[in-house]
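So you know, we letter chains A, B, ... as the sequences are listed, proteins then strands, and number each from 1. On a predicted model such as this, the values are computed, not experimentally measured, just so you know.
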Amino acid sequence: MIIIRELIDDLKPVFSKVMKKLEVPDTTWEPLFGKSTVEDHGDVALPCHSLAGILRKPPGEIANQIAELVFQDLESFATVSSISGFVNISAKPEWISRRISQLLLDTRLGVGLDEGKIFAVDYSAPNVAKEMHVGHLRSTVIGDSIVRMLEFKGHRAIRENHVGDWGTPFGMLIEHLLDLGEDRAATELGVGDLDSFYKQARSKFVSDDEFASRSRSRVVLLQGGHEETLRLWRILVDESMRYFNEVYSMLGVLLTDEDIMGESRYQELLPEVIERLRDSGILEESEGAEVVFPGGWVNRDGEPLPMIIRKADGGYNYSTSDLACIIDRVERLRCDGFLYVVGTPQKQHFEMVFQVAKKAGFMSDDHQAVHVNFGSVLDTDGKVLKSREGEVIKLHDLLEEAIRRAEETIDEKNPNLQGKERHDIARAVGIGAVKYADLSTERTKDYVFDWERMLSFEGNTAPYLQYAHARICSIFRKWGGDRESLRENFGPLVEEGSSPPTKEELTLARRLVEFPSILDDSASTFSPHKLCRHLHSIASSFASFYENCSILNEEDVVIVRRRLALCDITARELQLGLGVMGIIAPERM
RNA sequence: GGGCGUGUAGCAUAGCCUGGAUAAUGCACCGGCCUCCUAAGCCGGGGACCGCGGGUUCGAAUCCUGCCGCGCCCGCCA
């Protein structure tokens, strides 16, 4: 991973020249050249231990020699030293200063645009007439952040909400709807009481034979396109979606009705999947079902594990629908990549689907199919998060609690905030805290849901970052000058007649300069947590800077402007960084 | 049984793909700091045989291998 990309770009020609002189091939030293692992030693380092064999000298001597040889050419922008076989390079304040002035003038804060690709991002995917749970929260929040990052990088991200709106359970759900009466059922679903609706239907299905048989016939009607049945089905879908949309709106994610690509939408494509698989010669019959053997997997008995494309009863499967999706995304949407923001337990499923899709020629090696997997949400006791009654926790309730807790803290810390502003800030803080807690850990691992921690306003949390941003806004309100003017006329950090930058200013500046490469890395690996960590390090070095360097109270106007400029970039990077994670940075809190 | 993943201070995490220096960060803990731009903060400190054992390497948290704990997956659910 290359950090401070621009510094390395500037250093490479100099090192290349020297290494040529020493007859060390580029392929040997370039991979060694990278960010220093110990910050105190410098920004960039070259460990020379492995060169000892080639140059037939101890690493210490080699490092000394290289340091001496590059010294002159680096003098204008970096310092170099050597210790225990490492060549260490630090950017001089002049170099950092140049980068800062570039960032100040750039509305994109140094983040470049990629060659635009088309990505389908499959995320959220709740099930009709079923409660959304924390798993959906993860998918929704992570997916939303990935969409925002990709779009900021210049890609087209097609949001696809693969809603579970089809399948055998709909027979019993529709029958239950009829039993309740449409109006009452609609009300029940509309207020978000999805689970009890589903459970009532389910319990009747297992205990009442007559109901069960009605349900089965209803499925047949549904799949046959029976008009009245479809109308009833639509009620279930619409009412559920109304509830989902309420959750999306609370969360502040980009998903809208336009993005719904429910399973029902792929139904007509399913027979074609069968045809194409048959044409490609990989479809086989096994125990009455039509299957494909991807190879490489075995079941409990050591026999090859098939992927079932069509069940023995003629019904289709999740896998079939996923294959149909791939065809649709490749041929209709012309996607270059498809991202599936789905939990880790489905890893094998996606590996099989991708493998079959390639084998059947639905996609090529040029397509980037990625299962953007994530771990489970655990309670503080290490078990999968459930409510006290052992049921799934309703997302709606969870988000309300987040806002309520944030309001309590606001009342305690800043009672001046009232009315709409108080409410808006509580939302930004509460929802931001929930999202950030989810995004800030490596997504493939399980994560522990802890109210205290995420809303503690200390540590690597959204409120801490939001607070840093709000403090800067407060400085600018007090200052009252024209923020734009700071950007166009940024004097160097080191200027004749003014005191040189403090270590806090330089630490902050370094981290600000690193921002673009971190954002790139975060976007290209679909890993928001990398950005989170960096934002926290920015906020933390800002807090230190703020505490130790006076800004508005400083007498030297050159220093005032220099420090305000650092504040300006800090605030903008925090806002942009939080922004691509779907988190609002309020101006006061 | 097979497969996948995971194990890093009291707790929660980063680093692992692509091996480098004293293992990083936050909470908690201990000690300081508000007549001054938001103390929701800052400064300083203690705390880790990186699950255990082998191997590769000049060098291993990182790569390979064996074991142990935990989690998930293993054909007509999604």
Side-chain angles (χ1 to χ4, degrees), chain A residues 1 31-32 34 36-41 45 47-50 52-53 58-59 83-86 88 125 127 162 164 166-169 263 286-291 296-313 315-319 321-322 342-349 351 373 375-376 378 380 382 384 409-410 412-414 429 440-442 444-448 450 452-453 456-461 463-464 466-468 470-479 525 529-530 532-533 536-537 540 543-548 550-554 567 588-589:
Chain A
M1 180 173 44
L32 300 170
S36 176
T37 53
V38 181
E39 224 176 324
D40 301 344
H41 284 135
C48 302
H49 312 85
S50 59
I83 185 171
S84 57
F86 289 85
N88 289 310
N127 294 309
H162 201 86
W166 204 253
T168 45
E263 310 217 276
S286 169
E287 295 171 38
E290 309 215 53
V291 306
W297 286 280
V298 292
N299 67 10
R300 266 176 231 281
D301 306 318
E303 294 155 356
L305 185 66
M307 194 169 88
I308 293 174
I309 306 298
R310 181 149 72 176
K311 299 185 283 185
D313 69 4
Y316 297 100
N317 239 346
Y318 183 44
S319 305
S321 151
D322 272 335
V342 179
T344 302
Q346 292 189 47
K347 193 170 179 225
Q348 181 181 315
H349 165 76
E351 281 171 2
N373 60 321
S376 312
L378 307 180
T380 42
V384 173
T409 320
I410 288 169
E412 181 192 322
K413 308 282 186 188
N414 191 354
V429 171
S440 59
T441 62
E442 213 275 319
T444 62
K445 294 188 181 173
D446 292 349
Y447 106 95
V448 179
D450 184 344
E452 296 293 320
R453 202 187 296 282
S456 86
F457 301 76
E458 281 172 25
N460 191 11
T461 64
Y464 180 83
Q466 289 168 322
Y467 178 56
R471 277 174 131 180
I472 297 172
C473 292
S474 165
I475 294 167
F476 281 117
R477 276 195 301 274
K478 186 151 282 188
W479 177 55
T525 58
H529 82 281
K530 295 179 180 173
C532 290
R533 278 188 98 71
H536 178 254
S537 85
S540 159
S544 183
F545 156 78
Y546 177 84
E547 200 76 21
N548 294 291
S550 50
I551 303 166
L552 300 178
N553 298 333
E554 176 59 44
C567 287
R588 63 179 99 224
M589 57 191 285

Same-atom distance (C1') from B/G46 to B/C30, integer angstrom: 7 Å

Rounded C1' spacing from B/C63 to B/A48 in Å: 23 Å

Under the side-chain contact (heavy atoms from CB on, under 4.5 Å) test, which residues partner A/Gln348, sequence neighbours left out? A/Trp297, A/Leu305, A/Met352

Looking across every strand, which nucleic acid part, if any, lies under 4.0 Å from A/Ala45 by heavy atom: base, sugar-phosphate, or nothing? base

Can you list everything that forms a ring pair (Phe, Tyr, Trp, His ring centres under 6.0 Å) with A/Tyr316? Sequence neighbours excluded, please. none

Okay, side chain of A/Asn414, backbone of A/Ile410: is any donor-acceptor separation there less than 3.5 Å? no

Have a look at A/Ala470 and say if it touches a base, only the backbone sugar-phosphate, or nothing, with a 4.0 Å heavy-atom cut-off. base

Carefully, step by step, assess A/Asn317 and A/Arg310 under the rule side-chain contact (heavy atoms from CB on, under 4.5 Å). CA-CA 6 Å; A/Asn317 239 346; A/Arg310 181 149 72 176; over 6 Å; no

Between B/G5 and B/G44, how far apart are the two P atoms, rounded to whole Å? 41 Å

Specify the separation, in whole Å, of atom CG of A/Asp40 and atom P of B/A23. 13 Å

Write down the distance separating the C1' atoms in B/G59 and B/C70, rounded off to the nearest Å. 32 Å

Would you say A/His536 stacks on B/G26, if stacking means ring centres under 5.5 Å apart and planes within less than 30 degrees? no

Atom pair distance, as rounded to whole Å: NZ in A/Lys530 and P in B/C17: 12 Å

I need the CG-P distance between A/Asn460 and B/A28, as an integer number of Å. 14 Å

With sequence neighbours excluded, tell me which residues meet side chain to side chain donor-acceptor pair (under 3.5 Å) with A/Tyr546. none

A/Lys347 NZ to B/G2 P, in whole Å, measures 18 Å

Reckon A/Thr380 touches a base, only the sugar-phosphate, or nothing at all at heavy-atom distances under 4.0 Å? nothing

Taken in chain and number order and not counting sequence neighbours, the residues that satisfy ring pair (Phe, Tyr, Trp, His ring centres under 6.0 Å) with A/His49 are A/Phe86

Could you pull out all residues at least two apart from A/Glu442 that satisfy side-chain contact (heavy atoms from CB on, under 4.5 Å)? A/Thr444, A/Lys445, A/His529

According to salt bridge (Lys or Arg N to Asp or Glu O under 4.0 Å), who are the partners of A/Glu452, at least two apart in sequence or on a separate chain? A/Arg405

Who are the side-chain contact (heavy atoms from CB on, under 4.5 Å) partners of A/Thr441, not counting sequence neighbours? A/Arg138, A/Tyr447

P spacing across the pair B/G45 / B/G26, given as an integer number of angstrom: 13 Å

Using the purine O4'-C1'-N9-C4 or pyrimidine O4'-C1'-N1-C2 torsion, is B/C17 syn (within 90° of 0) or anti? anti

Considering heavy-atom distances to RNA chain B, does A/Glu351 or A/His529 have its closest nucleotide positioned more toward the 5' end? A/Glu351

Examine distances only and state if a side-chain atom of A/Asp446 and a backbone atom of A/Ser376 form a donor-acceptor pair shorter than 3.5 Å. yes

Quick one, A/Gln346 with A/Tyr318, criterion side chain to side chain donor-acceptor pair (under 3.5 Å). Give me CA distance, side-chain angles, the key distance, then yes/no. CA-CA 11 Å; A/Gln346 292 189 47; A/Tyr318 183 44; 2.9 Å; yes

Nearest-Å distance once atom C1' is located in both B/C11 and B/C29: 12 Å

How would you summarise protein contacts on nucleotides 71-78 of chain B per nucleotide, using B for base, S for sugar-phosphate only and - for none, with heavy-atom distances below 4.0 Å? -SSBBBSB

Let me know the distance between CD1 of A/Ile551 and C1' of B/U38, rounded to the nearest Å. 12 Å

Who pairs with A/His349 by side chain to side chain donor-acceptor pair (under 3.5 Å), at least two apart in sequence or on another chain? A/Asp322

Rounding to the closest angstrom, what is the interatomic distance between B/U18 and B/A23 at atom P? 24 Å

Looking for any heavy atom pair under 4.0 Å, which part of the strands does A/Asn88 touch: base, sugar-phosphate only, or nothing? base

For RNA chain B, what is the dot-bracket line, given that a base pair needs Watson-Crick (N1 to N3, plus N6-O4 or O6-N4) or G-U wobble (N1-O2 and O6-N3) geometry with both distances under 3.5 Å, and | means paired with another strand? (((((((..((((......[...)))).(((((.......))))).....(((((..]....))))))))))))....

Between B/G7 (P) and A/Tyr447 (OH): distance, integer Å: 18 Å

C1' gap between B/G53 and B/C58, integer Å: 23 Å

What is the separation between atom CH2 on A/Trp297 and atom P on B/C4, rounded to the nearest whole Å? 11 Å

When rounded to whole Å, the CG to C1' distance for the pair A/Asp450 and B/U13 reads 13 Å

Using side-chain contact (heavy atoms from CB on, under 4.5 Å) as the criterion, list what pairs up with A/Thr37, not counting sequence neighbours. none

Ignoring backbone atoms, test whether A/Lys445 places a side-chain nitrogen or oxygen under 4.0 Å from the OP1 or OP2 oxygen of B/A14. yes

Less than 4.0 angstrom between a side-chain N/O of A/Thr37 and OP1 or OP2 of B/A21, yes or no? yes

Pick base, sugar-phosphate or nothing for A/Ser36, based on heavy-atom distances below 4.0 Å to the nucleic acid. base

OP1 or OP2 of B/U57 versus the side-chain N and O atoms of A/His49: is any pair under 4.0 Å? no

Every protein N/O lying under 3.5 Å from an N/O of nucleotides 40-48 of chain B:
| unit_1 | atom_1 | unit_2 | atom_2 | d |
| --- | --- | --- | --- | --- |
| B/A40 | O3' | A/Phe457 | O | 3.4 |
| B/A40 | N6 | A/Met589 | O | 3.4 |
| B/G41 | OP1 | A/Phe457 | O | 2.9 |
| B/G41 | OP2 | A/Glu458 | OE2 | 3.0 |
| B/G41 | O2' | A/Arg471 | NH1 | 3.4 |
| B/G41 | O2' | A/Glu547 | OE1 | 3.3 |
| B/G41 | N2 | A/Glu547 | OE2 | 3.3 |
| B/C42 | OP1 | A/Tyr464 | OH | 2.9 |
| B/C42 | O4' | A/Glu547 | OE1 | 3.4 |
| B/C43 | OP1 | A/Ser544 | OG | 2.8 |

Nearest non-hydrogen partners of A/Asn460 and A/Ser440, listed with the distance: ND2-CB, 4.3 Å

